[in-house]
Structure formats: structure tokens, C-alpha cells
Amino acid sequence: MEGTKLKAALLTWLIAAEKAHCFPRVGTAVGSILQSTAVDSATSFETQYPPSNSESRLLIPESHPVYRVALQHDGHSSQQPFPNFDVAEFIDGLEDLLSSASTTVSSSTTTAGSVAHTAQTPPGTTVAQGPVTTEISLPVGPDHPKTMNGQDIFQPVATGPIPANIKSRDDHPVKNLHVNTSDPLSTNKFYAGLFLGTQTNATFTQPYSLAWSKGGGSLKSWGMGISHVQPGMLAFGPENRKIPGNPVQYYINPIGLQHLIFSATELNQSSVMDTEQPTAFSANAVLKRSPGSAQQITFPLVQGMGYATAVYNELEPLIESGVFFRKVVSAGSPRPGIFKYRVDIEDDTTWLLYATPADGKDPKFKLVSKSSLRGPEGFSGTIQIAKNPAGTSGEKFYDNSSGVYPTTGHISGSVTGDVGSYSLSWTKAGKDVAGTPLLMFALPHHIQSFDKATQGRITNISLRTTTKGNATAVIGESWTMVEPNLPVDIGFAPWSPTHGSAHELSPAAQQAILEIAPQELKQNISKQTDLNSMYYSGKALSKFATLVYTVNQLGNNVDLATNAFQELKKSFANFVQNKQQFPLAYDTVWKGVVSTAGYSGDLNQDFGNTAYNDHHFHYGYFVQAAAIIGSLDPAWLAENKEWVNTLVRDAGNSVANDPRFPFSRSFDWYNGHSWAKGLFESFDGKDQESTSEDTMFAYAIKLWGKTTGDASMEARGNMMLGILGRSLNNYFLMEEGNTNQPANFTANKVTGILFENKVDHTTYFGANLEFIQGIHMLPLMPHSPFTRRKEFVRQEWQAMFAENASTPASKVDGGWKGVLYANLALIDPKASWEFFAQPNFNYSWIDGGATRTWYLAFAAGLGGA
Ligand SMILES: *[C@@H]1O[C@H](CO)[C@@H](O)[C@H](O)[C@H]1NC(C)=O
Ligand SMILES: *[C@@H]1O[C@H](CO)[C@@H](O)[C@H](O)[C@H]1NC(C)=O
Ligand SMILES: *[C@@H]1O[C@H](CO)[C@@H](O)[C@H](O)[C@H]1NC(C)=O
Ligand SMILES: *[C@@H]1O[C@H](CO)[C@@H](O)[C@H](O)[C@H]1NC(C)=O
Ligand SMILES: *[C@@H]1O[C@H](CO)[C@@H](O)[C@H](O)[C@H]1NC(C)=O
Ligand SMILES: *[C@@H]1O[C@H](CO)[C@@H](O)[C@H](O)[C@H]1NC(C)=O
Ligand SMILES: *[C@@H]1O[C@H](CO)[C@@H](O)[C@H](O)[C@H]1NC(C)=O
Ligand SMILES: *[C@@H]1O[C@H](CO)[C@@H](O)[C@H](O)[C@H]1NC(C)=O
Ligand SMILES: *[C@@H]1O[C@H](CO)[C@@H](O)[C@H](O)[C@H]1NC(C)=O
Ligand SMILES: *[C@@H]1O[C@H](CO)[C@@H](O)[C@H](O)[C@H]1NC(C)=O
């Protein structure tokens with residue numbers, strides 16, 4: 001299979017350095033200058049970043065970084081995101097269909113007797129035959145009574161053991177060498193760089209990034225480096241002239257910058273780093289002088305933390321700077337027992353340092369060189385640093401919250417009617433902890449949805465994040481966000497924000513569906529679903545479940561789909577019995593349910609499923625298929641619910657105290673979307689490509705919750721959809737006027753792959769425009785119009801897929817053509833309908849994970865017919 005292809009391309013920028021600054025030897029009113037560093041500097045230079053640490057040089061490393069733009073595959077295969085089947089193999093009778101079809105598909109040449117029967121049934125009449133007794137309908141429109149009242153969204157999915165068919169294994173190919181815990185491990189969170197591989201890649205708490213220097217970098221430090229990248233430091237890719245506005249293909253933050261480093265003179269190559277107390281929102285990195293030593297620095301790393309905090313135990317602090325100190329000023333005690341320093345470094349930024357010694361004594365830091373600020377021997381206590389872009393007004397906030405720090409985060413939430421509310425809160429530690437408020441950074445989508453009380457605590461301290469626009473400091477221990485328009489009424493039927501669910505299609509649409517469906521129902525379901533990939537198999541199960549639903553409920557013909565439905569249940573059972581080609585295993589090392597495909601030496605098998613890549617994508621399709629099967633045949637649930645719930649617990653567990661699975665493996669409740677990358681060490685952190693398959697998981701658990709009567713899961717799915725709608729619109733699906741991504745990037749309309757450290761308008765499987773945009777479209781499902789807003793879809797279509805654009809949909813080949821035209825239904829359902837209903841339809845336009853029948857129903861339900 002495909003190996004890890006590393007298309008290493010290094011771009012080196014050789015930029016003339018700015019004229020050096022002069023550093024006056026004058027005191028300030030607030031304190032005294034520890035040491036000044038007036039040195040003339042070169043006006044230009046050529047060098048590789050990181051530069052060597054030459055004391056005679058006053059260079060600004062930020063002027064000449066090496067940026068890494070390689071796209072590493074990390075288990076993300078270069079295969080297309082859908083299985084490929086030979087269409088000719090299953091579409092027999094195609095000729096008949098083509099000769100008889102017209103845009104209204106009114107004849108019934110290919111339909112079976114049962115179809116003719118249904119065609120005579122008035123639309124809307126429930127055909128009470130066959131296995132279906134349940135009405136699959138959710139309240140339609142905003143006036144209907146809501147099903148949920150103040151529903152807690154974090155009730156347990158299940159608490160039982162792993163299904164007996166899934167055997168445990170303790171030989172996971174990725175060893176856990178650096179995390180000290182027996183709890184389930186979050187594999188896809190922002191701090192995986194602490195414990196994977198070299199342990200030197202960054203942890204992205206936003207707005208700060210931290211990375212263990214481990215003897216590397218320009219200073220060869222053994223401490224923990226802190227980086228905050230200014231906008232001017234970004235590197236931009238080449239322009240894409242196929243897209244109006246000629247956007248740049250990518251932007252990337254330089255890596256390896258060490259604005260400040262928390263170290264200690266005792267650290268050296270005997271030192272080790274452990275990860276302790278990992279949760280979904282935090283982890284402690286612990287740098288120990290040597291293995292087992294109590295002389296250590298603990299870094300409580302929490303998403304959004306306002307300061308980088310280091311808790312020292314019995315070490316001589318060494319604060320270093322790879323950008324070099326310009327001036328360090330002792331700035332008194334903002335509060336009793338806390339000692340402040342104002343630190344200017346050579347990139348013209350000002351940082352604040354707060355030391356809180358355990359013994360209360362003035363630590364008297366000394367600037368011993370341009371790169372070293374030294375504290376007292378045997379120091380125990382806390383040192384915090386923060387970058388202050390907001391002058392005196394910012395400093396007041398930092399002073400007021402100094403000495404305390406968050407240790408971990410919590411989430412809670414509930415849904416009432418169609419209003420969801422969730423809160424992020426933090427436990428804190430430090431000096432005078434009870435009376436001192438936290439200062440935490442919020443992302444743009446948080447700020448937008450803050451409730452009134454939280455809004456009142458926003459400051460004007462703003463620091464850019466690596467890939468999500470500006471973060472803003474907020475005072476306090478918790479924030480509450482409100483999502484006012486949750487799509488609670490989306491069910492299995494096509495849905496639009498203006499008309500709700502279309503449970504009844506027009507007679508013409510019904511008839512067309514019933515004429516097309518028999519061809520597609522003839523596919524060999526067991527063959528197409530029994531694949532060597534959980535991803536492709538799940539897609540195929542989802543496709544057939546959706547087809548059966550469409551015929552059964554939208555076509556109002558139960559009989560026509562009966563055989564396929566039985567076949568579908570048999571195929572699903574293959575997985576529940578764990579008899580698929582690569583069975584699932586319960587991995588006791590990291591704790592989760594993984595494909596065994598990657599145990600044989602190639603971790604990239606099945607898109608890296610074994611190493612926890614993409615679980616929400618893969619399992620979301622199974623869960624959606626199960627939701628349909630279970631609602632059409634409630635008796636099916638008894639034997640299958642436990643297995644499906646196991647997939648939900650693995651990819652999106654709802655509680656933090658389940659001994660078998662971590663909380664919310666994929667969805668990141670701080671970032672507001674999921675991360676797909678699992679246990680692969682990465683320069684650029686976690687990433688996600690397919691936002692539409694992220695929303696598919698939320699949609700799937702919403703409907704599975706509905707089907708199984710798990711009101712908490714249903715509400716959680718609704719909440720996740722609400723949050724995704726907002727976060728995607730802010731960061732991934734860029735309408736005109738988006739200010740969170742760089743101005744010359746937004747015309748790409750979609751991010752492509754968004755990493756924690758870079759954004760690259762491409763895919764893992766190729767750079768065709770229809771791939772890059774299309775992987776944010778598929779699968780087209782009832783929730784698609786909710787997360788892909790009309791205005792966005794219109795702009796994207798005009799810029800890229802309209803007849804006058806570079807890549808007209810009409811000229812795109814293969815399954816992607818079907819994806820584009822199904823997406824067109826979101827803005828022009830009639831054109832979409834006409835495309836799928838055309839007499840000379842070519843089945844090569846339908847990908848292996850979709851059906852023409854559903855696409856027709858989808859376009860019709862949105863008003864196309
Ligand atoms: C894990 O950490 C705890 C607390 O920090 C410590 O007591 C224990 O010895 C550590 N265990 C290992 C295996 O390092
Ligand atoms: C590193 O420090 C340890 C003490 O923490 C010391 O025993 C050891 O000799 C040092 N190693 C080197 C190579 O300096
Ligand atoms: C922040 O707001 C304060 C008033 O609350 C104002 O005095 C100050 O100038 C602002 N600072 C910045 C950097 O905008
Ligand atoms: C400063 O902290 C006090 C509590 O110690 C809090 O009441 C006040 O709101 C804080 N002020 C600012 C400006 O953050
Ligand atoms: C479906 O495919 C399977 C496996 O390839 C095969 O054994 C079976 O005979 C096929 N069924 C039909 C009806 O062709
Ligand atoms: C980061 O991860 C990459 C990929 O595994 C690895 O090659 C590199 O050494 C790591 N560390 C740094 C600082 O780049
Ligand atoms: C982000 O902050 C910078 C200043 O740091 C400011 O120039 C820019 O306009 C801000 N962007 C937005 C979208 O507010
Ligand atoms: C993109 O914009 C940045 C400033 O935000 C600029 O530095 C860069 O040169 C631009 N790149 C191109 C190709 O226009
Ligand atoms: C195509 O034409 C429409 C107007 O009909 C225009 O809005 C759009 O910008 C054009 N697209 C391209 C790529 O020129
Ligand atoms: C359908 O499209 C495929 C791929 O472009 C082509 O090879 C085939 O001839 C087409 N079939 C018909 C009936 O036009």
C-alpha cells in the first residue's frame with residue numbers, strides 16, 4: 001500500500017534584516033534595567049534558521065526561517081475518498097432505463113409490480129406493509145413542539161464491557177513510552193507532540209505553542225520553548241491562477257522559534273520529559289532532571305491558557321531566548337509575593353514574566369547574556385510568561401491574574417428546544433487562588449457565541465493564533481456559549497433551513513425515484529460492503545441504508561426495498577460479528593477500538609485507522625446506517641445497539657470517566673471541530689481535511705440517539721452540528737469577508753487541509769479543484785444545507801464550478817461530478833435535479849459511496865422537482 005510519502009520541499013526565505021535598533025541604557029520609572037545590550041548589528045545576512053547562538057550577533061531569527069511545507073501522509077492514503085466499483089457490473093437494464101427516461105421519468109417500463117402499486121398510492125399515504133411500522137419523522141418547522149427540554153448533552157453512551165466479538169490486544173504498533181497514566185489516552189489532541197516520537201514537536205495551546213528543545217534549536221537548550229508567531233512571519237505558497245483572486249495555495253507558521261524558553265541550569269542529556277494527567281483539554285508536561293528525579297519543572301498545558309506557566313521544584317531557573325533579550329526590567333511586585341519582570345526581545349515584542357517563589361523571597365533574576373536570564377539556585381515556585389501586545393492596559397489584566405493558572409478544563413452543556421448552551425470552565429491553582437481570576441484566550445467562534453455575562457469579561461488583549469485568527473483574552477474561570485438555532489428538526493429526509501424536512505416528495509419525484517431505484521437495488525450489497533477498509537465498508541453500508549430509506553420512506557414503497565434491506569442487515573451483521581476482512585480489536589495500550597489492518601507492519605493501512613486516524617469519519621458511516629436500519633426495524637436494535645454504541649464511545653465518548661475510552665477522541669470542544677490525525681508525530685500538529693465527514697459524524701450520532709431513545713446523544717449531536725456550523729464558517733468554509741484567514745488565502749473558499757500550524761489548499765489524494773472543494777461536500781446528507789451555508793456554496797460555485805469558471809462541473813469526470821451536482825442542490829435544486837434525471841445519465845458520475853436515487857431525492861426535497 002502507499003507508504004508515507006514525504007514530498008520534502010523546503011522553502012528558504014532570505015530576507016534582508018531590518019535595520020537594527022538601538023538599545024538605550026536608561027532606566028524606566030517602573031524599575032531598573034538589569035542589563036542593556038547595545039550592539040550594532042548587520043543590516044543583512046544569509047543564514048539557515050535556526051541560527052547558531054553567536055553572542056556577537058544580534059540577529060532576528062524571525063527574519064530568515066526555514067519553513068517546512070512538506071505534506072506528510074501520516075496514514076492518510078492517497079486513495080480517493082470513496083470505493084470504486086465497476087458500474088457496468090451492477091447496472092444491468094441500464095439501456096432500458098435510458099431509453100425510457102425523461103426528465104419527468106413518467107413511464108414505468110422498468111418498474112416491478114410493487115412499484116406500479118405504489119405509484120398509484122397518493123403521496124403521503126403510509127404504506128403499512130413489510131417490516132416498517134415506525135414513522136421516521138421529526139418535528140418539522142420552527143413551530144413544532146420540541147423534543148428536548150434542558151437536556152444534558154454529556155450523559156454516558158453506555159457503560160458496559162467491549163462486545164465479546166472484539167478481542168483485546170496489548171501489542172499496539174505505537175508504544176506508549178512517555179505518558180504516565182493507566183487511563184484511556186486522548187490520541188487526537190493538541191499535545192500529542194509531547195509523547196510521540198522525538199517529543200520535540202509543538203503543543204498548540206493557542207495562542208502559544210510549546211515544544212521541548214531537547215538539546216536542539218539555536219541555543220541547544222534542554223528546556224521548554226514558547227513560541228508566538230506574528231503575522232509578518234508567515235510564509236505563503238504560490239498563487240493559484242485557476243481561482244478568481246489568485247489566492248495563495250498555503251500559508252504556514254515557521255516552526256522551531258523559541259521566543260522564550262523555560263529551562264534550568266541542571267537540565268542536560270540525562271533529562272527526560274513525561275506526560276501526566278492527560279485530558280481532553282490539558283496535560284502536564286514534566287521535565288525531570290533525570291528519570292525519577294523530583295527536581296523537575298511541571299508545565300500545566302491547557303487550551304487557551306493566558307500565560308505559559310512553569311512550576312519549578314528545586315532547580316536553578318534559566319529563562320532563555322532564541323530571539324535574544326533586548327532589555328529585561330525588574331518591575332516590582334504587582335501583588336504580594338509575586339515578582340514581575342518586563343522583557344523586551346529582539347523582534348520588538350514585550351513579554352511579562354511573573355515569578356512566585358514558594359519561599360516568598362525576591363528571586364533576583366540576572367541577565368547573564370543576550371540569551372540567558374538566570375534565577376536563584378534551588379528555586380521552587382511558579383514562573384509565568386505572557387506576551388503583552390496591549391501596553392499598560394494589557395499589563396493591568398496580566399498583573400491582576402498573575403500567580404494563578406488553569407490546571408485542566410471541563411465541559412458541560414444542555415439543549416432546550418433548539419437552543420444549545422455549553423460552558424468551558426477550568427480548575428485553577430497558584431497563589432491566592434480563590435480570589436484571583438483566570439485570564440484565558442478565546443477563539444473567534446467562542447467570542448461570537450458568548451452569553452451576555454461572558455461578553456462582559458472580554459479584554460482588548462488580542463494575540464493571533466496559528467491557524468484560527470485572533471485569540472482574545474477573557475477574564476474568569478468559565479465561559480458560556482450559546483448556539484441559538486440548532487437543527488433539531490433534521491432527520492433522514494432532505495432538509496432545508498427555510499422549509500424544514502421534506503418527508504413527502506412530489507409525485508413526479510417519487511415516480512422518478514421508483515424508476516431509478518430498482519437498478520441500484522440490484523447491486524451486490526454483501527460484496528460491496530465486505531471490503532478491507534472500515535472507511536470504504538462504512539461508506540457502502542451508509543449508501544445502501546440511505547437507498548433503502550429513500551425507496552421505503554420517500555418513495556413510499558416498502559416492498560421494492562425489502563430484499564435489499566434484508567441483505568443490508570446481513571452485511572451489517574458481518575461487522576457486528578467481527579467477521580470482516582480486518583476485524584476490529586480493542587487496543588488496551590491507548591484504549592480504543594481499532595482496525596487490525598495496521599498491526600501487520602503498515603500503519604498507513606485503512607487510512608491509519610489502527611493508529612486512530614479518522615475514527616469519526618469511518619465510524620460515522622456505520623452509525624448513520626445503523627440509525628436508519630434501527631428506525632425501519634426497531635427489533636433490530638436489541639442485538640446491534642451495543643456494538644454501534646461501542647463505535648460511538650470510541651470516536652465520540654460523552655464522559656471523561658469511562659475506563660475503556662477517552663472523552664471525545666475526535667471532536668475538540670475548544671476548537672469547535674474534530675482532528676483526524678491520530679498517533680503520528682507531526683511537524684504541524686493535528687489536522688483535518690474533510691469537514692463534511694466531520695459533520696456527518698455529528699449528524700449520525702444525532703439520529704442514532706433519536707433512534708435508540710438516547711436523548712442526551714441526540715442533543716449532543718445537535719449541539720455539535722450547531723458548533724460546527726459556526727466554526728466551519730469561521731475557519732474552513734470561507735465566505736467573502738472572512739477575516740480569520742489571511743486575506744490572500746480566503747479566495748480558495750475552503751481551507752483544504754487545516755493543520756494546527758499551517759493551512760494547505762490541497763488534499764492527501766490529489767490537487768484537482770473538485771477534490772479539494774469536494775472533500776468538504778461529501779457525503780451530501782440532510783444536514784449539508786445547515787453546515788454549508790447558501791451564500792458560501794453560491795460563491796464557491798461561481799468561482800470554481802460554474803460554466804465560466806476554471807473547472808466547470810459539466811466537464812468534471814467520474815464520481816466527483818455527481819458530488820458537485822448534488823452540492824448544487826443547496827443553491828439550485830432544479831439544476832441539480834435535471835442533471836440527475838437526465839435521460840443520458842452516465843453512471844460513472846456516481847461514486848461508489850453514493851446513489852443516483854438518493855441524489856434525486858435530495859434535489860427534489862430541496863425543491864428541485
Ligand atoms: C506517575 O506519576 C505519578 C505522580 O506524578 C508518580 O507518583 C508515579 O511514580 C509515576 N509513575 C511512573 C511510572 O512514572
Ligand atoms: C547531567 O546531569 C546529571 C545530573 O543531573 C549529571 O549526573 C550528569 O553527569 C550530567 N551529564 C552530562 C553529560 O553532563
Ligand atoms: C484597551 O482598552 C482600554 C480601555 O479599557 C484602553 O485604554 C486601551 O487603549 C486599549 N488598549 C488597546 C491596545 O487597544
Ligand atoms: C482583578 O481581580 C479581582 C479579583 O481579585 C477582580 O474582582 C477584578 O475584576 C479583576 N480586575 C480585572 C481588571 O481583571
Ligand atoms: C455477491 O457477491 C458475493 C461475494 O463476491 C458472491 O458470493 C455472491 O454470489 C454474490 N451474490 C449475487 C446475488 O451475485
Ligand atoms: C517533528 O516530527 C517530525 C516527523 O515525525 C520529526 O521528523 C521531527 O524530528 C520532529 N521534531 C522536530 C523538532 O521537527
Ligand atoms: C487581529 O489582530 C491584529 C493586531 O494584532 C489586527 O491588526 C487585526 O485586524 C486583527 N484581525 C481581526 C480579524 O480582528
Ligand atoms: C500574501 O499576503 C501576505 C501579507 O498578508 C504577503 O506578505 C504575501 O506576499 C502575499 N503573498 C502573495 C503571493 O501575494
Ligand atoms: C461567472 O459569471 C458570474 C456572473 O454570472 C460571475 O458572478 C462570476 O464571478 C463568474 N465566474 C468567474 C470564475 O469568472
Ligand atoms: C460514461 O462515461 C465513461 C467515462 O467517461 C465513458 O467511458 C463511457 O463511454 C460513458 N458511457 C456512455 C454510455 O456514454
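Each ligand, and each atom within it, is numbered from 1 in the order the structure gives. This chain uses plain numbering: 1 for the first residue, then up along the sequence.
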Per-atom filter on ligand 4: closer than 4.0 angstrom to a heavy atom of Gly435 are 4 (C), 5 (O)
A student checking ligand 7 against Thr739 at a 4.0 Å heavy-atom cut-off should list atoms 13 (C)
Any heavy atom of Pro437 under 4.0 Å from ligand 4? The part involved is side chain
When you pair each N or O of ligand 5 with protein N or O atoms, which pairs come out under 3.5 Å?
residue: ligand 5; atom: 2 (O); partner: Asn524; partner atom: OD1; Å: 3.3
residue: ligand 5; atom: 2 (O); partner: Asn524; partner atom: ND2; Å: 2.3
residue: ligand 5; atom: 11 (N); partner: Asn524; partner atom: ND2; Å: 2.9
residue: ligand 5; atom: 14 (O); partner: Asn524; partner atom: ND2; Å: 3.4

I'd like to know if the side chain of Arg457 and the backbone of Leu439 have a donor-acceptor N/O pair within less than 3.5 Å.
no
Query - Charged N-O contact under 4.0 Å between Glu756 and Lys686 - result: no
From the list Phe82, Tyr621, Phe607, ring-ring contact (aromatic ring centres under 6.0 Å, His included) with Tyr536 holds only for Phe607
Taking atom types as modelled, is there a side-chain donor on Thr350 or Asn388 under 3.5 Å from an acceptor on the other? no
Electrostatic pair Asp687-Lys758, nearest N-O below 4.0 angstrom: no
Residue pairs passing the salt bridge (Lys or Arg N to Asp or Glu O under 4.0 Å) test with at least one member in residues 427-437, sequence neighbours excluded, are Arg335-Asp432, Lys428-Glu477
- Do NZ/NE/NH1/NH2 and the carboxylate oxygens of Glu520 and Arg852 come within less than 4.0 Å? no
For ligand 4 and Thr436, I'd like to know whether there is a polar contact (N/O to N/O, distance under 3.5 Å). no
Per side-chain contact (heavy atoms from CB on, under 4.5 Å), Lys749 is matched among Gln795, Met734, Glu735 by Gln795
Using a 3.5 Å cut-off on N or O atoms only, is Phe397 in polar contact with ligand 4? no
Counting heavy atoms under 4.0 Å, the part of Asn470 that contacts ligand 7 is side chain
Test side-chain contact (heavy atoms from CB on, under 4.5 Å), reference Gln384, set Leu353, Leu352, Thr309, output is Thr309
